Amino acid sequence: MVMKKRSISVLTVLYAILSLILVGLFLNKVLEIITPSPTAQLQAAIPVEERGNPLAIPAFLEDRDPDPMKAFYELDVQYGQMEFFPGVVTETLGYNGNILGPVLRIKRDQEVRIQVNNQLDEPTTAHWHGLDVDGPYDGGPHQGIMPGESWTATFSVDQPAATIWYHPHFHHTTGAQVYQGLAGLIYIEDEESEDLNIPKTHGENDFPLVIQDRNFTSDGSFHHNVTMMELEPGEVLLVNATMDPYLEVNRELIRLRVLNGSNYENFQLTFSDGSAFHQIASDGGFLEAPVEMESLFLSPGERAEILVDFSQVTSDHLALTTCSDTVLDFYLSGPVASAPAEFPESLVTVPDIPVGENPTTRTFVLESIGIHGTINGKEFDMDRVDEVVPKGETELWVIRNADRVGHRAGHPFHVHGTQFQVVSRNGNPPPPEEAGFKDTVFVANGEEVVIKILFHKEGLFMYHCHMLEHEENGMMGQVLVE
Ligand code: C2O
Ligand code: CU
Ligand code: CU
């Protein structure tokens, strides 16, 4: 009897403790919901009349080789500072500046040298995302540039005009370095791109848009908050590292080269007035013809060039938006035209990657649990070569996303060193905007995407999920091309 009484009282005490914990957790959650986050607090402190900043347009980097068939570029990886919030300094990283980097303009057939000087006190690399390049110059995890050192990539460009990009790739610090500001664009140009009757005046009717989500801590530092489950989504969208950006343009045809430069987030982009636009290029270059759309999906690492015709828009303002946020405000000036702007009905011929009789087929199964992931059940190992592929032979790669739930609904699968073509998505032909050259393809949960891939250059290349925190937490493999 006494025993029984005592055990009841122990249970009662335990029950009371448990309830207190639960109430505590609940109150904590409520508090979290009603107190604004540090990012929101910083934003709220900006006076309304001071919101809105002209969109920063990255400059073209000067080519220091006088020979027109050659190019020489120098990139300094350096520390910087930005004032996103009045009076609050944010420590940043940048190439040749405080944040992001200049646009490198290279011509097809040019022999290019890029010298990268690491002025940080941590290692970095410079990876040319989307470039067909020999393994040793790819700038992947094996080409670390130690503090104070320089590294020079040498390559000749043999691929069609495209908007590609560069970013660091040192294993385990890629996500953090990109988040702090390291990324830049490369424009590859060729005769076709020069001849096309489309807008091409940089900063006037042809604009790069590097879109990135960010969070901040209360002292103004970037908050790259990686939990067991995810990289916390950013509450702020920066475009070309501009907070609350706006762009003043004429009522005319505008070309936007959009990069999803986020570490972890997908974007579904639309115009606030619902107007349609045309996609003219994907990751690896122009599509055969402009594709009309009202909404553009880009997963991390993907690019799209779009033409948007403002010539008949009567209102003075509209915005590029995601479902929940304004990405970029446009202010229009000039007369309203009576007819839509003209642009070519067809763009280029996209050569079909040839497939032989019995192509080698490889399967890549993507799986993730929270921030961790695997490809074919294996976590990334820098000392393991996962696949050996002969140079010059087209293969079929089957990319299967074995996840059922969560994780931004899928994984952007990226391959270094070449551009591939999508053969099918769940057995169906790809949509027209995915029919050109790609280097990153979104594979939704439960989906199977088949690509045909042909490497022209030799060496060791990475393939990975381009959610950078997945990439550095297992979801990467290595292919040796020989
Ligand atoms: Cu943007 Cu390994 O790539
Ligand atoms: Cu890459
Ligand atoms: Cu992923």
Side-chain angles (χ1 to χ4, degrees), residues 56-78 80 93-119 124-134 136-140 143 145 150-169 177-178 181-194 200-203 206-210 212 240-241 255-261 281 283-286 301-303 305 416-417 419 437 439-440 457:
I57 311 291
F60 287 136
L61 184 60
E62 191 201 345
D63 164 14
R64 306 224 317 259
D65 195 319
D67 184 340
M69 286 316 292
K70 292 183 178 169
F72 176 65
Y73 289 114
E74 206 168 348
L75 289 175
D76 293 333
V77 192
Q78 58 192 60
L93 300 179
Y95 296 102
N96 299 5
N98 285 312
I99 195 163
L100 299 179
V103 179
L104 276 59
R105 233 175 148 185
I106 53 190
K107 301 227 176 338
R108 188 168 188 165
D109 297 326
Q110 248 179 351
E111 273 174 49
V112 182
R113 280 180 310 135
I114 309 174
Q115 182 180 323
V116 185
N117 309 312
N118 182 6
Q119 296 173 356
T124 190
T125 81
H127 166 57
W128 325 111
H129 177 133
L131 195 71
D132 294 15
V133 67
D134 288 325
Y137 300 124
D138 179 56
Q143 285 96 42
I145 316 169
S150 295
W151 172 78
T152 303
T154 316
F155 51 88
S156 55
V157 179
D158 187 21
Q159 69 188 93
T163 301
I164 63 169
W165 64 302
Y166 57 97
H167 63 78
H169 219 301
Q177 288 185 355
V178 171
L182 290 183
L185 292 169
I186 301 178
Y187 292 179
I188 300 177
E189 292 169 348
D190 61 11
E191 273 169 27
E192 282 180 311
S193 68
E194 270 150 36
K200 32 178 118 82
T201 310
H202 185 63
D206 178 359
F207 302 93
L209 302 183
V210 179
Q212 299 175 304
N240 302 345
R255 175 184 185 181
L256 302 171
R257 306 180 188 230
V258 190
L259 160 67
N260 180 346
D283 303 335
F286 289 106
E302 285 187 295
R303 286 90 63 211
E305 293 186 32
H416 287 208
Q419 292 283 340
F437 285 112
D439 56 52
T440 307
K457 305 284 168 80

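For clarity, every value in this text was computed on a predicted model and none was experimentally measured. Side chains included, hydrogens not; waters and symmetry mates left out as well; all remaining heavy atoms used.
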Could you tell me the separation between the [atom1] atom of [X] and the [atom2] atom of [Y], rounded to the nearest 0.5 Å?
X	Y	atom1	atom2	result
Glu302	His129	CD	NE2	8.5 Å
His169	Leu182	NE2	CG	13.5 Å
Asn118	Trp151	CG	CH2	12.0 Å
Arg255	Asp206	CZ	CG	4.5 Å
Thr440	Gln419	OG1	CD	8.0 Å
His167	Leu185	NE2	CG	11.5 Å

**Item:** Partners passing salt bridge (charged side-chain N to carboxylate O under 4.0 Å, His left out) against Asp158 (at least two apart in sequence or in another chain)
**Value:** Arg108
Nearest heavy-atom neighbours spanning [X] and [Y]:
X	Y	answer
Asp65	Asp63	N-OD1, 2.9 Å
Gln212	Ala183	NE2-CB, 4.3 Å
Ile57	Pro208	CG2-CD, 4.4 Å
Gly181	Ile99	CA-CG1, 3.7 Å
Met69	Asp109	CE-O, 3.6 Å
Gln177	Pro168	OE1-CB, 3.2 Å

**Message:** Can you classify the ring geometry of Trp128 versus Phe155 as parallel (below 30°), tilted (30 to 60°) or perpendicular (above 60°)?
**Reply:** tilted
**Asked** What class does the angle between the rings of His127 and His416 fall in, given that below 30° is parallel, 30 to 60° is tilted and above 60° is perpendicular?
**Response** parallel
**Item:** Residues in side-chain contact (heavy atoms from CB on, under 4.5 Å) contact with Asn117, at least two apart in sequence or another chain
**Value:** Glu74, Asp76, Gln115, Ser150
**Which residues share a side-chain contact (heavy atoms from CB on, under 4.5 Å) with Ser156, sequence neighbours left out** = Glu111
**Asked** Can you list every salt bridge (charged side-chain N to carboxylate O under 4.0 Å, His left out) pair that touches residues 95-106, not counting sequence neighbours?
**Response** Arg105-Glu189
Do [X] and [Y] have side chains that get closer than 4.5 Å, going by heavy atoms?
X	Y	value
Phe286	Pro160	no
Asn240	Pro58	yes
Asp283	Phe437	no
Val157	Asp190	no
Leu104	Val112	no
Tyr73	Ile106	yes
Val77	Tyr95	yes

**Message:** Quick check against the 3.5 Å criterion: does Thr125 have a side-chain atom that pairs as donor or acceptor with the backbone of Gln143?
**Reply:** no
**Prompt:** Do other residues, nucleotides or ligands put more than 12 heavy atoms under 6.0 Å from Glu191 CD?
**Reply:** no
**By ring pair (Phe, Tyr, Trp, His ring centres under 6.0 Å) - contacts of Phe207 (at least two apart)** = none
**Message:** If the condition is side chain to side chain donor-acceptor pair (under 3.5 Å), which residues does Thr163 pass it with, not counting sequence neighbours?
**Reply:** Arg257, Glu305
**Prompt:** With the threshold set at 4.0 Å, does a side-chain nitrogen-carboxylate oxygen contact exist between Arg303 and Asp439?
**Reply:** yes
**Asked** Is the shortest side-chain N to carboxylate O distance from Asp132 to Lys457 below 4.0 Å?
**Response** no
